[in-house]
There are 2 protein chains.
Amino acid sequence: MSLQHALLGVLEARPMNGYELTRFFEAAPRWVWSAPHSQIYPTLRQMEQAGLIEGQQEIRGTKLRRMVYSITERGLEELRTWVGSGHAAPPVRDAFFLQALFFDMVEPERAASVLGTYIAEQEKLIAEWRAHSEALLAKETDLLKERLKNRPVAEHDRIAKLKAHVFAGQIAVAQARADWARESLRLLAEDGAAGREDA
Amino acid sequence: MSLQHALLGVLEARPMNGYELTRFFEAAPRWVWSAPHSQIYPTLRQMEQAGLIEGQQEIRGTKLRRMVYSITERGLEELRTWVGSGHAAPPVRDAFFLQALFFDMVEPERAASVLGTYIAEQEKLIAEWRAHSEALLAKETDLLKERLKNRPVAEHDRIAKLKAHVFAGQIAVAQARADWARESLRLLAEDGAAGREDA
DNA sequence: TATGCCATGTAAGTCGTTACATGATTAG
DNA sequence: CTAATCATGTAACGACTTACATGGCATA
């Protein structure tokens, strides 16, 4: 159900149509959730039927229609309830750690190459999230600006800090992964050397 | 496809039946992958058809049958190929960070309670993984003992270290999450105080 | 003889991926 | 006029969840 809550969370800032939401959820500098448009459009219709959001049709030009969805009172309530209550953690399922568990089955060079790619990926994510986190702290993102319009000015700093901190969390996790991968590289090198000495 | 590779990785240590694999993948002290038996049994039959594993039927008592699966040469090859090559990272999708992104919408006390539960969960995972990591380093787990039987003694330490290190990675990530959650608690407390001062 | 473990299944439904498909509008 | 962008869909498939379902074996 998380996609629904993600959509509610975005629509809480301002009304949007499916296309805008799609750009948001398919965006390259990734956010905390992602989804393709093929999932977003049907979900929006579902949510409208459930009364969580309301669609308003608009016409651009003569024929190009778009449905602009806004969050309803029920949607807000659902979002607040979900955010305020605990949810069971999803089962552990990490394909990369699974792969790493069998690195002893391949030549160290191949494992090292896989690790190198992984580190680069994590670094890229870190860079994107860092930029986003800083933009939030500076209250420079479009969505945050919209969101703050409905909040008392006294709370603006608090809200910006809290949101930025979430991305700091993503960064911390990615950093832990990257650091671990670098240690793995060292471990592989050591072992490789030891292996050669023994041989 | 990761479940298939997880199964191959376990069966590389020794032949097992669906029930044993199920206990492994549904185990409370979680591993790096999990799956219910309703997913495991059909997957095993699929993998047998694909020639990745081979089933041998055994009878306990008079009627109780069980299929003991062993990895085939093709399965080994598939596993090695998969382990040795890079795979695109799955899209970012973290329900807890998503939830945290909207903590400003609920009372700080509720957010704090959600964070508290989260921290406890992470700590529990850390404890389980720590125990598992230490058992691996000491070469005390059943599966590792089986696995090492087919490897040169000179490599035993290396293999144990590599496997244990994967769980150290899971621990590092969980630790990063827990630390982040603790910082979040501090941030919420600060803000709460500031909010009350302002009011 | 009853409880707990061994052992294996099916089925319905949700979530997510990938590919296919269509057409309007705008800016250069 | 043509390419990029706006805008919205469908369909098939695979992965995972949850619930339902059955029966044998061992031991107390």
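It should be emphasised that the depicted structure is a prediction, and the values quoted were computed from it without experimental measurement. So that the names make sense, note that chain A is the first sequence line, chain B the second, and so on, each numbered from 1.
Between A:Trp33 and A:Phe25, the ring center distance fails the sub-6.0 Å criterion.
For A:Phe25 and C:dT17, the CZ to P distance is 13 Å, given to the nearest whole Å. B:Met16 has its CE atom 14 Å from the P atom of C:dC6, to the nearest Å. Rounded to whole angstrom, the span from the CD atom of A:Gln46 across to the C1' atom of C:dG13 amounts to 12 Å. Taking atom CD on A:Glu26 and atom P on C:dT18, their separation rounds to 12 Å, with Å as the unit.
One finds a side-chain N or O of B:Tyr41 lying less than 4.0 angstrom from the OP1 or OP2 phosphate oxygen of C:dT8.
Considering only heavy atoms from C-beta on, A:Thr22 comes within 4.5 Å of A:Tyr41 through its side chain.
Residue B:Glu20 is the one, among A:Trp33 and B:Glu20, whose nearest nucleotide of DNA chain C lies closer to the 5' end (criterion: closest heavy atom). Nearer the 5' end of DNA chain C, as judged by each residue's closest nucleotide, is the contact made by B:Arg65, out of B:Arg65 and A:Ser2.
Under 4.0 Å is where a charged nitrogen must lie from a carboxylate oxygen, and between A:Glu12 and A:Arg151 at least one such pair does. Using a cut-off of 4.0 Å between Lys/Arg side-chain N and Asp/Glu carboxylate O, A:Asp157 and A:Lys139 are scored as salt-bridged. With respect to A:Asp104 and B:Lys163, a salt bridge is recorded, a charged nitrogen being found less than 4.0 Å from a carboxylate O.
Linking Ile, Leu, Val, Met, Phe, Trp and Tyr whenever their side-chain heavy atoms come within less than 4.5 Å leaves B:Leu137 and A:Leu188 in two separate clusters.
Here chain A contacts DNA chain D (any atom closer than 4.0 Å to a heavy atom, that is under 4.0 Å), and the contacts span D:dT5 to D:dT17 from 5' to 3'.
Side-chain to base pairing of A:Ser38 with C:dT18: one donor and one acceptor N or O lie within less than 3.5 Å of each other.
Overall, the helix from C:dT1-D:dA28 to C:dG28-D:dC1 carries an axis bend of 20° between its ends, with five pairs at each end and the value rounded to 10°.
In this model, a donor atom of one side chain and an acceptor atom of the other lie less than 3.5 Å apart for A:His165 and B:Trp180. A:Gln99 and B:His5 form no side-chain donor-acceptor contact under 3.5 Å, judged by distance and modelled atom types alone.
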Checklist entry - Can you give one letter per nucleotide of nucleotides 21-27 of chain C, 5' to 3': B if a protein heavy atom sits under 4.0 Å from the base, S if only from the sugar-phosphate, - if neither? => result --BSS--
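Side-chain N or O atoms of B:Thr117 include none that pairs as donor or acceptor with a backbone N or O of A:Gly86 at under 3.5 Å.
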